[in-house]
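Please read all numbers here as calculations on a predicted model, not as lab measurements.
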Amino acid sequence: MNQLNGQCFCGAVTYEVADEFEYALNCHCSDCRRTTGSAFKPLAGIKSEKLRITRGKEGMSTHGDDAGHNAFCGQCSSLLYSVVRENKYVHVTLGTLVDAPSIAPSCHIWVSDKAPWYEIGDDLPQFEAFPS
């Protein structure tokens, strides 16, 4: 099993994650846009137990609740991952990976909530919501 390294902007928080992502998407929902400050959030989904914080866990902050939340570096505020699907999965923000994953986003989701000023310029499939 190949392990990938990731970290926040300032390097205070580092993590390892198995290169066994089940899916990768570009999410255009307003929550993802607001937490990233970007037009969309490129993310990769994996079972929660396959992500391990290797440094700086005590300095992390979260926003949300027990059912799901976003995890940030407490120093630089980088969004590292989101805990989703009843804590069973994490959505790792692809921009925080140091190593290249073997997966790339395969589609755009929540295009019904896309920023009106952003035009999707690739040929990836687009879904109005999260595909089932």
N5 versus L97: any side-chain heavy-atom pair under 4.5 Å? no
Of Q126, H108, K41, K114, which is the lone residue that meets side-chain hydrogen bond (donor to acceptor under 3.5 Å, both in side chains) with H28? H108
Side chains of V90 and I46: does their closest heavy-atom pair fall under 4.5 Å? yes
Honestly curious: do V84 and I109 fall in one hydrophobic cluster under the side-chain, below-4.5 Å linking rule? yes
Does atom CD of E86 have more than 12 heavy-atom neighbours from other groups under 6.0 Å away? no
Quick one: does any side-chain atom of S38 pair with a main-chain N or O of R33 as donor and acceptor, under 3.5 Å? no
State, yes or no, whether a side-chain contact exists between L25 and F127 at a heavy-atom distance under 4.5 Å. no
Test of understanding: with side chain to side chain donor-acceptor pair (under 3.5 Å), list the residues that count as partners of R55, not counting sequence neighbours. none
When rounded to the nearest 0.5 angstrom, what is the spacing between CG in D31 and OG in S82? 9.5 Å
Stepwise side chain to side chain contact (heavy atoms under 4.5 Å, CB included) check, N26 with L124: CA-CA 10 Å; N26 292 320; L124 294 176; 4.1 Å; yes
Sidechain-backbone polar pair: D113 side chain, S30 backbone, donor-acceptor under 3.5 Å: yes
Going from OG1 on T96 to CG on L79, what distance comes out if it is rounded to the nearest 0.5 angstrom? 8.0 Å
Residue pair T35, N70: steps toward the side chain to side chain donor-acceptor pair (under 3.5 Å) verdict: CA-CA 9 Å; T35 58; N70 291 314; 4.8 Å; no
According to side chain to side chain contact (heavy atoms under 4.5 Å, CB included), who are the partners of Q75, at least two apart in sequence or on a separate chain? C10, A12, C73
Is there a side chain to side chain contact (heavy atoms under 4.5 Å, CB included) between V98 and T14 once you walk through the steps? CA-CA 10 Å; V98 174; T14 60; over 6 Å; no
I'd like to check L80 versus V92 (side-chain heavy atoms, cut-off strictly below 4.5 Å). Are they in contact? no
Report the hydrophobic cluster partners of F9, with the cluster defined as I, L, V, M, F, W, Y residues connected by side-chain heavy atoms closer than 4.5 angstrom, directly or transitively. none
Judged by atom type as modelled, is there a donor-acceptor pair below 3.5 Å linking the side chain of D65 to the main-chain atoms of G68? yes
Sub-4.5 Å side-chain heavy-atom contact between M60 and I53: yes
Would you check if K88 and K47 make a side-chain contact, meaning some heavy-atom pair closer than 4.5 Å? no
Given side chain to side chain contact (heavy atoms under 4.5 Å, CB included), test T93 with L43 step by step and report yes or no. CA-CA 5 Å; T93 52; L43 64 91; 5.7 Å; no
In one Ile/Leu/Val/Met/Phe/Trp/Tyr side-chain cluster, 4.5 Å: L94, Y15: yes
In Å, rounded to the nearest 0.5 Å, how long is the span from CD of Q3 to CG of L51? 9.5 Å
Taking ring pair (Phe, Tyr, Trp, His ring centres under 6.0 Å) as the cut-off, I'd like each qualifying pair that reaches into residues 43-97, sequence neighbours left out, listed once. Y23-H91
Got a sec, which hydrophobics cluster with W117, joining ILVMFWY side chains under 4.5 Å apart, including via others? F40, V111, Y118, I120
E128: what forms a salt bridge (Lys or Arg N to Asp or Glu O under 4.0 Å) with it, not counting sequence neighbours? none
Are L4 and E16 close enough, and set up right, to give a side chain to side chain contact (heavy atoms under 4.5 Å, CB included), and what steps lead you there? CA-CA 5 Å; L4 303 173; E16 287 182 347; over 6 Å; no
